[in-house]
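Each remark here refers to the structure printed beneath this line.
Note that the coordinates shown come from a computational prediction; the quantities given were computed from them, not determined experimentally.
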2 protein chains.
Amino acid sequence: MSTARGARARARTEITAAIKDEARRQLAAEGAAKLSLRAVARELGMVSSALYRYFPSRDDLLTALIIDAYDSLGEAAESAHAKAADAEPVQQWTTVCEAVRAWALAHPHEYALIYGSPVPGYSAPDSTVPAASRVGLLLIGVVREAWEGRGIARPPLPADLRPEAERMMADLAPDLPPEVVAALVSAWAQLYGLVGFEVFGQFHRVVEDRAVFFTHAVTQLAHHVGLLNHGRTAETPHRPQGRGKGTASGGRRAGS
Amino acid sequence: MSTARGARARARTEITAAIKDEARRQLAAEGAAKLSLRAVARELGMVSSALYRYFPSRDDLLTALIIDAYDSLGEAAESAHAKAADAEPVQQWTTVCEAVRAWALAHPHEYALIYGSPVPGYSAPDSTVPAASRVGLLLIGVVREAWEGRGIARPPLPADLRPEAERMMADLAPDLPPEVVAALVSAWAQLYGLVGFEVFGQFHRVVEDRAVFFTHAVTQLAHHVGLLNHGRTAETPHRPQGRGKGTASGGRRAGS
DNA sequence: CCAAGGCAAGAGCACTGCTCTCTTTTTAAG
DNA sequence: CTTAAAAAGAGAGCAGTGCTCTTGCCTTGG
């Protein structure tokens, strides 16, 4: 599929990659606003109009970079999680969050591209959705594992939020209880509040030891969604149907 | 001071205001990236170079708009708070948060300007700090009132965060205990995570009933910083007592 | 082998931010 | 009241942008 399709096709994918690489370089150096098609073309020794054979517009180039950024972030988070797969749920959660933070600090402009203000009239096409979902799915996975295996506390859920929570549950994680899904979604958004404030400099002269602060904040977030530190907590863990791993499919809505 | 110091000076402030108004119009219509000095000048019937007598560069115009946006948001939050000054602390907190959300939804491009990705090489000058602090100070004030008057729970504070928390306390609110200040700062950042996700469309197809969801999330945030519902604590603050059954399905709905 | 289509190049359009002159108008000092 | 300085507007111009269109070259599939 991707090999030996003729020299021309190979050259095309190669040049496409080169364009993205150079664009990413300029993005990292100057930010999305200063990314110029002409400058990219110049740097690659081609004329600006030639670039339109590969990307029909500047926004399409940006879209490609956005997807790549989501994937890069997703991969960073996933590989960090893989290394902590055996840890406590809270530990897994904070590991993922810290990977997100580290990636964001290492790639501030790419982070701004995906979690900052959306570009002018541009609205992300659906093609970005899978890549954009990776971190979210990862967090869902962490919570799911805790829910199935080692127990999880159920956050409070006011009556007026229940319908919405059940809808979210149906969409995102049909196996998790609605109160956990609702808490998870809000923790998800709040995580990016913390990261964004740090990356965008809002913590300037407010928080100094940001790593420690961040770790604490996301640990609280983990507790907020109901994750528990296994051994040493006074809080009573909820065990789904009290049967451990055997009946994962049947175990939802425990407390009746 | 601002009156009758010559026709020229009056004309200057008037024109300056007109420029900002028109710029704000274009900002709301198209976003910061498409804000063009020439277009503003054109709309005002002046030539582009004349505009440089009022703002030395496009970035300076943006800075002015940023300060105005911060002030506009601050004022919205403050006036909302003033109307709820007698309510429970949690109520005051959610009122302020909801005012922030409402303002952001009503002025998405201005919100993006101040809490989205910072513009290219531009870093906000110190002159923006006072305006930018208004919402933060307001939230501190809410917590302070609760701390002085009606009591407040003290969130947990791990040992390694204590020095940082004490430093933040010294800077921001010397009268509040460090654990409360630390929780407050993280809640502050998380608030903007929630608002940003909604304004920037990240909740698309994830959260539908966003008002209800937001209210619940910021109520949890209030509990996170230690605010209590005075009379009835149907919802115990951020301490899920396990045993899903008991959690007050009845209603929180802190009314007055 | 040879037509078809992918591809690069270049010119050009309508913009942009910004600078520099030049002229007019207003202000303030003598 | 005059006059010199300061402030403001107008216009041309520079270097840059995204994007389109036409013109040819050259690889490729039939």
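For the ring pair (Phe, Tyr, Trp, His ring centres under 6.0 Å) with F197(A), the qualifying choice from F203(A), Y192(A), Y115(A), Y111(A) is F203(A), the only one to do so.
Regarding E30(B), its CD atom lies at a distance of 14 Å from the P atom of dC15(C), rounded to whole Å. Atom CG of L44(A) and atom C1' of dA8(C) are 13 Å apart (whole Å). M46(A) has its CE atom 16 Å from the P atom of dG6(C), to the nearest Å. F55(B) has its CZ atom 16 Å from the C1' atom of dG17(C), to the nearest Å. In this structure, CD1 of I19(B) is placed 8 Å from P of dG9(D), rounded to the nearest angstrom. Between Y52(B) atom OH and dT19(C) atom C1' the separation is 9 Å, expressed in whole Å. Rounded to whole Å, atom P of dT25(C) lies 15 Å from atom CD1 of I15(B). Rounded to whole angstrom, the span from the CG atom of L61(A) across to the C1' atom of dC19(D) amounts to 14 Å.
Of all the heavy atoms in E110(A) and L27(A), the pair that sits closest is CG-CD2, 3.7 Å.
Side-chain atoms of S49(A) stay outside donor-acceptor range of the base of dA8(C), with no qualifying N/O pair under 3.5 Å.
The phosphate of dA8(D) has neither OP1 nor OP2 within less than 4.0 Å of any side-chain N or O from Y54(B).
At a threshold of 4.5 Å between non-hydrogen side-chain atoms, the residues H224(B) and H224(A) do not count as touching.
Judged purely by atom type and a 3.5 angstrom limit, Q92(A) uses its side chain to pair as donor or acceptor with the backbone of A85(A). Here the side chain of R101(A) pairs no donor or acceptor atom with the backbone of L191(A) at under 3.5 angstrom. The backbone N or O of V218(B) sits less than 3.5 Å from a side-chain atom of W93(B), completing a donor-acceptor pair. A side-chain donor-acceptor contact under 3.5 Å links T215(B) to the backbone of A211(B). Without hydrogens or angle criteria, H216(B) side chain to V212(B) main chain gives no donor-acceptor distance under 3.5 Å. The backbone N or O of R12(A) sits nowhere less than 3.5 Å from a side-chain atom of R53(A) that would complete a donor-acceptor pair.
We find that D21(A) and R25(A) are not joined by a salt bridge, their nearest charged nitrogen and carboxylate oxygen being 4.0 Å or further apart.
Axis orientation changes by 10° from one end of the helix from dC1(C)-dG30(D) to dG30(C)-dC1(D) to the other, with each end axis drawn from 5 pairs and the value rounded to 10°.
Residues T63(A) and D60(A) bring no donor and acceptor atom of their side chains to less than 3.5 Å of each other.
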Report each atom pair, protein N/O against N/O of nucleotides 4-7 of chain D, whose distance is under 3.5 angstrom.
from: dA7(D); atom 1: N3; to: R8(B); atom 2: NH2; distance (Å): 3.1

What's touching nucleotides 13-17 of chain D from the protein side, N or O pairs under 3.5 Å?
from: dG13(D); atom 1: O6; to: R38(B); atom 2: NH2; distance (Å): 3.4
from: dT17(D); atom 1: OP1; to: S36(A); atom 2: OG; distance (Å): 3.0
from: dT17(D); atom 1: OP2; to: R42(A); atom 2: NH2; distance (Å): 2.6

